[in-house]
Amino acid sequence: MSYSTNAPAGFWEWPDVQILTAGERRIPAHSKVLASASPVLESMLDQPRQRGGEERVISILGVPCGAVDVFVRLLYSSRCVPPAAEMGEHGVHLLVLSHVYQVGWLKRACEMALASGLAAESVVDLLVLARRCDASWLHLRCMRVITGDFAAVERTEAWRFLQDNDPWLELDILQSQQDARLRQKRQRRKREEQALYAELSEAMECLQHICTDGCTDVRPSGREAPPRDRTHCPNPTTCRGLQQLIRHLPACSRKQQQQLGCTRCKRLWQLLRLHASICLHPDPCSVPLCSQFKRKMEQMNFKEEEEDVKWRLLAKKVASARVMCYLARRNAVPVSLAEAELID
C-alpha cells in the first residue's frame, strides 16, 4: 500500500496498528495518523489492550477490502481530494466509512462526487443512503433530481421497491414534490407581479413625460410638437397607448363617464390616481387632477383609509419598482460624472 508523502515524518517505520478487513486481509497503519484523522478511531485506540505487547487490531468489516484500502490511504493524504476513478468505484462505501468514523472533509468530498453523477436510475438508492448517513447536501441534490425528472424516477425498480418497503420515505418525497410545485407557483406569481409593477412604473413615467414635454399626438397646450424620434420618448409603445386613452376621454359619452361604464375611461382615471399617490413633485404638478387627488387623500376619514389599504399597497409597490428600474438603467448605461451629478 502506498501513502502520500504529506504524512508526518517518522510515521513510515514500525506500524503499530493492523486494520482487519473482509477476507481476513490486514492493512498496517500508524495509530497517530488514524487518531489525528478520526475521533472515532482515536477513541478505539485509547481503549486498553487485552494483553500487554499485543499488536492492536481494528476491524473494518462490511465493505470491500479495496474501499478500506482507499479509505486508509486518504486518511494519510492530509485532506487530499480523492481521485475520480477511486471515487467512482468506492464512492458509496467511502461515504459510509467517512460517516461512521466522522471524517468530515472526506464525507463532503464524497457527497460532491456522488451528486455530480446523479441519474434517475440511482437517485433513489443514493437518497436512502444520504438519509442514513446524515448527508444533508447530498439529500437535497437527490430531492432536486427527483423533482426535476419524477416521471423517469417512477419507472425505476428502486422506486417500486421503495413504495413496497418504505412508505414514509415515499410520503416525504411526494410532499417535497408538492412543496416544490407550490414554490414554483409562488415564484411565477411573484415574477408576474413584478412585471406588472414595472409596466405601471413605465406608465407613470410616460404619463409625466406626456403631460410635461408632450409626445407625438398629445402635448400641453401652447407647447410645440416634440421631435418624432425614439430617444425623446421613454417607451414608445406605452406612450402610444396612453395617448389613445387621453384622446378617448373627451370623445367618450358623458353618460358613460358618469356611470363609470367605460373601461378605458376608468383605466385612465386609475392611472391618474396612481400618479398622484406616488408623485413627489411640488404643486402645481403638470399631470391633470394630481393636486385634487392629493387633497382628497389628505381629507380621507378613518373608514375610507381602511378601504384604501390595497390601493396604498399598490402605490408602494409601483414606487419601489420605479426606483429599481431607475437603478437598473444607471447600472446598465455608463454615465459620466457630470451626467450622474445632474441626475442626482
Side-chain angles (χ1 to χ4, degrees), residues 1-119 121-123 125-139 141-142 158:
M1 180 177 65
S2 61
Y3 299 103
S4 170
T5 56
N6 294 329
F11 283 2
W12 309 114
E13 299 88 6
W14 311 296
D16 56 348
V17 178
Q18 293 289 330
I19 298 178
L20 180 63
T21 67
E24 299 297 327
R25 180 183 173 187
R26 291 173 177 262
I27 300 176
H30 302 82
S31 59
K32 292 184 179 180
V33 176
L34 301 181
S36 63
S38 166
V40 177
L41 292 174
E42 181 182 14
S43 177
M44 296 171 65
L45 292 169
D46 286 342
Q47 296 178 1
R49 307 181 187 183
Q50 294 181 356
R51 294 192 301 268
E54 182 182 0
E55 190 176 45
R56 298 179 183 179
V57 178
I58 297 177
S59 298
I60 302 181
L61 307 174
V63 294
C65 301
V68 180
D69 183 70
V70 174
F71 176 67
V72 175
R73 284 196 286 113
L74 289 173
L75 296 183
Y76 275 82
S77 65
S78 299
R79 302 194 176 187
C80 178
V81 178
E86 294 181 346
M87 187 60 67
E89 183 179 359
H90 304 293
V92 173
H93 301 107
L94 289 175
L95 176 61
V96 175
L97 291 173
S98 61
H99 171 68
V100 171
Y101 294 100
Q102 299 181 12
V103 186
W105 67 268
L106 180 56
K107 184 177 180 179
R108 290 189 293 271
C110 292
E111 288 187 71
M112 296 179 63
L114 292 173
S116 63
L118 286 175
E121 294 77 13
S122 61
V123 67
D125 294 330
L126 289 177
L127 177 65
V128 175
L129 178 65
R131 287 169 63 94
R132 295 181 177 177
C133 294
D134 195 23
S136 57
W137 191 81
L138 179 60
H139 183 276
R141 295 299 299 270
C142 290

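Since the structure is predicted, the reported quantities are computational estimates derived from the model, not experimental observations.
- The two residues P28 and P15 have their closest heavy-atom pair at CB-CB, 3.9 Å.
- Taking each heavy atom of W137 and M112 in turn, the nearest pair found is CZ3-CA, 3.6 Å.
- Side-chain contact between V103 and L74: absent, with no pair of heavy atoms (C-beta onward) separated by less than 4.5 Å.
- A heavy-atom distance below 4.5 Å is found between the side chains of D69 and R25.
- Residues L41 and V17 are not in side-chain contact: their nearest non-hydrogen atoms beyond the backbone lie 4.5 Å or more apart.
- The side chain to side chain contact (heavy atoms under 4.5 Å, CB included) test with L20 singles out one residue from I58, V57, I27, and that residue is V57.
- With sequence neighbours excluded, the residues satisfying side-chain hydrogen bond (donor to acceptor under 3.5 Å, both in side chains) with H99 are K107.
- Considering all non-hydrogen atoms of both residues, C142 and V123 come closest at O-CG2, 3.6 Å.
- Scanning both residues, A22 and C65, for their nearest heavy atoms gives O-SG, 2.5 Å.
- With rounding to the nearest 0.5 Å, the separation of CD in E24 from CG in L61 is 8.0 Å.
- In this structure, L126 CG and R141 CZ are separated by 12.0 Å, a value rounded to the nearest 0.5 Å.
- The CG atom of L94 sits 9.0 Å away from the CG atom of L114 when rounded to the nearest 0.5 Å.
- Looking only at side-chain heavy atoms (C-beta outward), L34 and I19 come within less than 4.5 Å of each other.
- Here the side chains of R132 and L129 are not in contact, with every heavy-atom distance at 4.5 Å or above.
- Taking the side chain as every heavy atom from C-beta outward, R108 and W105 approach each other to under 4.5 Å.
- Closest heavy-atom contact between A37 and L75: CB-CD2, 3.8 Å.
- When all heavy atoms of R56 and S31 are compared, the pair lying nearest together is NH1-CB, 4.4 Å.
- In this structure, H93 NE2 and S98 OG are separated by 12.5 Å, a value rounded to the nearest 0.5 Å.
- A donor-acceptor distance shorter than 3.5 angstrom exists from the side chain of S38 to the backbone of Y101, with no hydrogens or angles considered.
- Between the side chain of S116 and the main chain of A113, a donor-acceptor pair closer than 3.5 Å is present.
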